[in-house]
Engineer: 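The structure under discussion is supplied below as structure tokens; questions concerning it will follow.
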Amino acid sequence: MARYNAKESEARWQAAWDAAHAFEVPNNSPKPKAYVLEMFPYPSGRIHIGHTRNYTMGDVVARFRRAQGFNVLHPMGWDAFGLPAENAARERNIDPRQWTYDNIAIMKSQLKLMGLAIDWSREFATCDPEYYKHQQKLFLEFYRAGFVYRREADVNWDPVDMTVLANEQVIDGKGWRSGAPVERRKLAQWFFRITDFADDLLAGLDTLDRWPEKVRVMQRNWIGRSEGMRFTFDISNGEKIEVFSTRPDTLFGASFVALSPEHPLTLELAKTDARLMAFVEECRHIGTAEADIEKAEKRGYDTGLTAAHPFDPNWKLPVLVANFVLMGYGTGAIFGCPAHDQRDLDFARKYHLTVTPVVVPDGADAKTFDVGDEAYVGPGHLANSRFLDGMTVDEAKAEVAKRLEAAGQGTRTVNYRLRDWLVSRQRPWGCPIPIVHCAKCGVVPVKEADLPVKLPDTINFDVRGNPLDHDPVWKHTKCPSCGGDAVRDTDTLDTFVDSSWYFARFCDSHAAEPVNKAALDYWLPVDQYIGGIEHAILHLLYSRYFTRALKKLGHTKVDEPFAGVFTQGMLCHETYQDPDGEWLFPEQVEKRPDGTAIVKGTNKPATIGPSIKMSKSKKNVVAPEVIVDVYGADTIRWFTLSDTPPERDVEWTDAGAEGCWRFVQRIYRLATEAEGLPPAGTVPGKTEGVSLALRQATHRAIAAVTDDLENLRFNRAVAQIYTLTNVLQQSDKCDGAARREATEMLVRLIAPMMPHLAETCWEALGHKTMLVNTDWPKADPALVKSDSVTIAVQVNGKRRGEIEIAVDTAEDTVKQAALAQEGVIRALEGKAPKRVIVVPNRIVNIVA
RNA sequence: GGCCCCGUGGCGGAAUGGUAGACGCAUCGGACUUAAAAUCCGUUGUUCCGAAAGGGACGUGUCGGUUCGAGUCCGACCGGGGCCACCA
């Protein structure tokens, strides 16, 4: 018997699809549109099986929609700016451009092997000058619209490498390369005004019903909306301090006012107070890493100033500088109410400040209520609070707000955790910020005709700090405004900017303007976006922001870029180490029957570690082209869709891959065996008996697989296909037409998942047209429905028998049949049933 | 510390409040074969009674609750994971 030759077959069909331009789509069509997108990859080197899972899922959706008659946009590109290219360039003394484009070439060839239904005519890399030119145009448009601004901001500064570090490059407060303690330094930086959209970004989440709830919750928390009040304290030196609080009701429980070490007033006071200056310096050196915050104890410095209580000018509160007050949230100043805030309580206990409970839980006595070491944050009634006494928390909040607003001392406000998006990066491998700094004219945008501001042809990494800043030629230019000598902004844009609008560029990758409105109007929003959970917050939030900004500028009519989001799990694999602790690739290890392993070709034992996410560093990766070579792409595709729900992590195993390969052969055999069968539907008259059962199984599979693919339940679709395959394989007593129908449908159902195999089988079944141009099958409702049903019969909730009976049989008849069951009679032991519950076509429960 | 998710055979996992374990992997037994590969048929939650046919009990992390009926809903706990985190 001929075996399926995946290698030959896959190459042949990929060439045929290419020749037919099967996946290139127009930007308009009478068909309904579907935009299917997977998060585009960073070209880090090579693709591993984990990547292919992501692209396979998207491909299944794209092919499925295509078969259903949609005009499907399914593009691919490269998120190509970023640090790994810089590191590679520095380490190997090569051009980051070279490294990146080489990787793209390799990864593209690997992806091509997977047979993805991608419109490659729309491909681009974000490091293409053609792409970042348009990004620079958008930046300037944002600038003119006031969406972008520049201000001094604190950054992580490595004093040895003389560069700014991203937060994740700061390890234990030290630079990851230099090991030097990182400093906070103020630099003029560009920001996107994302906070202007905070409320809208929050409200929009409620409309995203095809997003994972988990992701929406994460975004909600990230935006972090809290309602409260801003109000001012008069300070003994004549100044005012504005604070933000979500608990103005506890104002009579105040025992201090605390300023952030970075608060302007703190810095002013520090000028004449050396000890305060030292304290501020010390706070600055405490890292921003979470672990440090956990350990850091609450510390304060008494300024000697006092603040007058807003409701009682004679009540003076001490003003302290406290290390736990954040400058970046609210106003950078708080009033401390220790009884009802844990941080304030810890602080108050340490510095022996007053603790006055002002909210007392219902049922507790205000005179004896003591918070101990745990601040009370629950509901209750106000006490020790003059005119607020007896009110609920909400009533007191309203009353305080009313009085402070009436007195002009404060206002109700909404505060967000979300900050404006700092986009300046002191990095050479990114999109240059199209701005010129002129001594005379200040900040001047580059003229649009002069875009793109291209990166220099050679980037010299042999310098400390940002090579662009040290470039003797590139950096210097003429002022677009006055024509005098000026310098470029040597920062580049955060690479998250690159990925915040690429989905819009895909709508027309070759448009003369950044985005083509007509194409956006046609394609957006993306109907199904698929990617990793690691992008649940930043990338998706930035893209949502960008889309809103683009809308305000008239480039699109949608608010939300992604109507449906799906986050897929990672691919895992066992890890292996040699006796020296060095990681080993799976192919370097030979497993023995007793469960142990040795280093291949030696007698050295290899330790088998847990199955964890595939990563280059642990070497637990499987290269797709190796598997493609042995089993073909369809086997990988089938494996990554089988068994495990797509949102969960899945473990790659050789045994599992073998199983998929056997299934590929099974399908091929069934298709080639069906060659001589009569066409489907040629048996005159009715089908009955086993043939009817086969036809029913076929149409039920169509219905079930369709439903599962609609809902991205790939593992269940796979199980349905196995079920049909099993029935078909045991159908030698069925008539030929029913078998042919089952075989043809089976082939059409596997097509989105194993497209090459499906084409080959389709051809073997005698078809002259490609399956890729064949519509998705429709189930015959009459065959999906069945005439009879098996109903379980329970006595007191325990199964005692079952009856096979016509669908929709009258309740009484079902009841009688149930009571006549032998097992039921035995279980009843002659007792009369008290009650009989009949759930039509499902179950009978007899209560005895 | 806050919020969220998940606990089902040897493993991955199915199951609109209605026959728990579909489907796959692995296991074991058998057929075909000189043999192997490939393929096919059968087997597999635990336990008890029975020679067998068959029948009974238990079973979805633990303990309660709601219900005629709970893997599914509610409460508490145990275990694992995720996100945020001095956010006032």
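Below, each value reflects all heavy atoms present in this structure, side chains not excepted, and no hydrogens, waters or symmetry copies. Here the structure is a predicted model, which means the values were calculated and not measured. Each chain gets a letter, A, B and so on, in the order its sequence line appears, and its residues count up from 1.
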Engineer: In whole Å, measure the gap between the C1' atoms of C25(B) and C83(B) for me.
Structural biologist: 33 Å

Engineer: Distance check needed: G18(B) P versus Ile843(A) CD1, whole Å only.
Structural biologist: 9 Å

Engineer: When the nearest nucleotide of RNA chain B is assigned to Phe324(A) and to Gly659(A) on a heavy-atom basis, which residue is associated with the more 5' position?
Structural biologist: Gly659(A)

Engineer: When you look at Arg800(A) and Glu822(A), which way does the salt bridge (charged side-chain N to carboxylate O under 4.0 Å, His left out) test go after all the steps?
Structural biologist: CA-CA 8 Å; Arg800(A) 297 297 177 188; Glu822(A) 205 182 302; over 6 Å; no

Engineer: Taking CZ from Arg842(A) and P from U19(B), how many angstroms apart are they, rounded to a whole number?
Structural biologist: 7 Å

Engineer: Is it the case that the base of C68(B) and the side chain of Asn845(A) share a donor-acceptor contact (distance under 3.5 Å, atom types as modelled)?
Structural biologist: yes

Engineer: Are Phe191(A) and Trp421(A), when compared by the centres of their aromatic rings, separated by less than 6.0 Å?
Structural biologist: no

Engineer: Is there a side-chain polar atom (N or O) of Arg220(A) under 4.0 Å from OP1 or OP2 of C84(B)?
Structural biologist: no

Engineer: In whole angstrom, what separates Phe714(A)'s CZ from C23(B)'s C1'?
Structural biologist: 17 Å

Engineer: Let me know the distance between OH of Tyr416(A) and P of A88(B), rounded to the nearest Å.
Structural biologist: 13 Å

Engineer: Going by purine N1 to pyrimidine N3 plus the second Watson-Crick contact, or the G-U wobble pair, all under 3.5 Å, which nucleotide sits opposite G45(B)?
Structural biologist: C58(B)

Engineer: Are any of Arg417(A)'s side-chain N or O atoms less than 4.0 Å away from OP1 or OP2 of C84(B)?
Structural biologist: no

Engineer: Using the C1' atoms only, state how far U27(B) lies from G75(B), rounded to an integer number of Å.
Structural biologist: 41 Å

Engineer: Side chain of Ile334(A), heavy atoms from C-beta onward: which of G56(B), G13(B), A88(B) has the nearest atom to it?
Structural biologist: A88(B)

Engineer: Is G12(B) paired to anything, Watson-Crick or G-U wobble with both distances less than 3.5 Å, and if yes, which nucleotide?
Structural biologist: C23(B)

Engineer: Using a 6.0 Å distance limit plus a 45 degree cone around the ring axis, check whether Lys298(A) lies over the aromatic ring of Phe347(A).
Structural biologist: no

Engineer: Partner of C83(B) by Watson-Crick or G-U wobble geometry, both contacts under 3.5 Å, or none?
Structural biologist: G2(B)

Engineer: Going by side chain to side chain donor-acceptor pair (under 3.5 Å), name the residues that satisfy it together with Thr644(A), two or more places apart in sequence or in a different chain.
Structural biologist: none

Engineer: Can we call the ring centroids of Phe335(A) and Phe256(A) under 6.0 Å apart?
Structural biologist: no

Engineer: Let me see the working for Glu811(A) and Lys815(A) under salt bridge (charged side-chain N to carboxylate O under 4.0 Å, His left out), right down to the final yes or no.
Structural biologist: CA-CA 6 Å; Glu811(A) 259 193 42; Lys815(A) 198 170 174 177; over 6 Å; no

Engineer: Select from Arg835(A) and Asn415(A) the residue whose nearest nucleotide in RNA chain B is closer to the 5' end of that strand.
Structural biologist: Arg835(A)

Engineer: Of the candidate nucleotides C87(B), A57(B), U19(B), which contains the atom at the shortest distance from the side chain of Tyr329(A)?
Structural biologist: C87(B)

Engineer: Please measure how far the P atom in A20(B) lies from the corresponding atom in U39(B), and state the result in whole Å.
Structural biologist: 35 Å

Engineer: Counting side-chain heavy atoms from CB outward, which of A88(B), A26(B), U19(B) is closest to Ser245(A)?
Structural biologist: A88(B)

Engineer: What is the glycosidic conformation of G9(B): syn, defined as within 90° of 0, or anti?
Structural biologist: syn

Engineer: Whom does G17(B) pair with, Watson-Crick or G-U wobble, provided both distances fall under 3.5 Å?
Structural biologist: none

Engineer: Under 3.5 Å, is there any donor-acceptor pair linking the side chain of Arg800(A) to the base of U19(B)?
Structural biologist: no

Engineer: Any N or O donor-acceptor pair linking the side chain of Arg343(A) to the base of A88(B) at under 3.5 Å?
Structural biologist: yes

Engineer: What nucleotide among A57(B), U39(B), C84(B) has an atom nearest to a side-chain atom of Trp222(A)?
Structural biologist: C84(B)

Engineer: When you get a sec, tell me which of C68(B), C25(B), G24(B) is the closest nucleotide to the side chain of Asp643(A)?
Structural biologist: G24(B)

Engineer: For U72(B), which nucleotide is its Watson-Crick or G-U wobble mate, given both distances must be under 3.5 Å?
Structural biologist: none

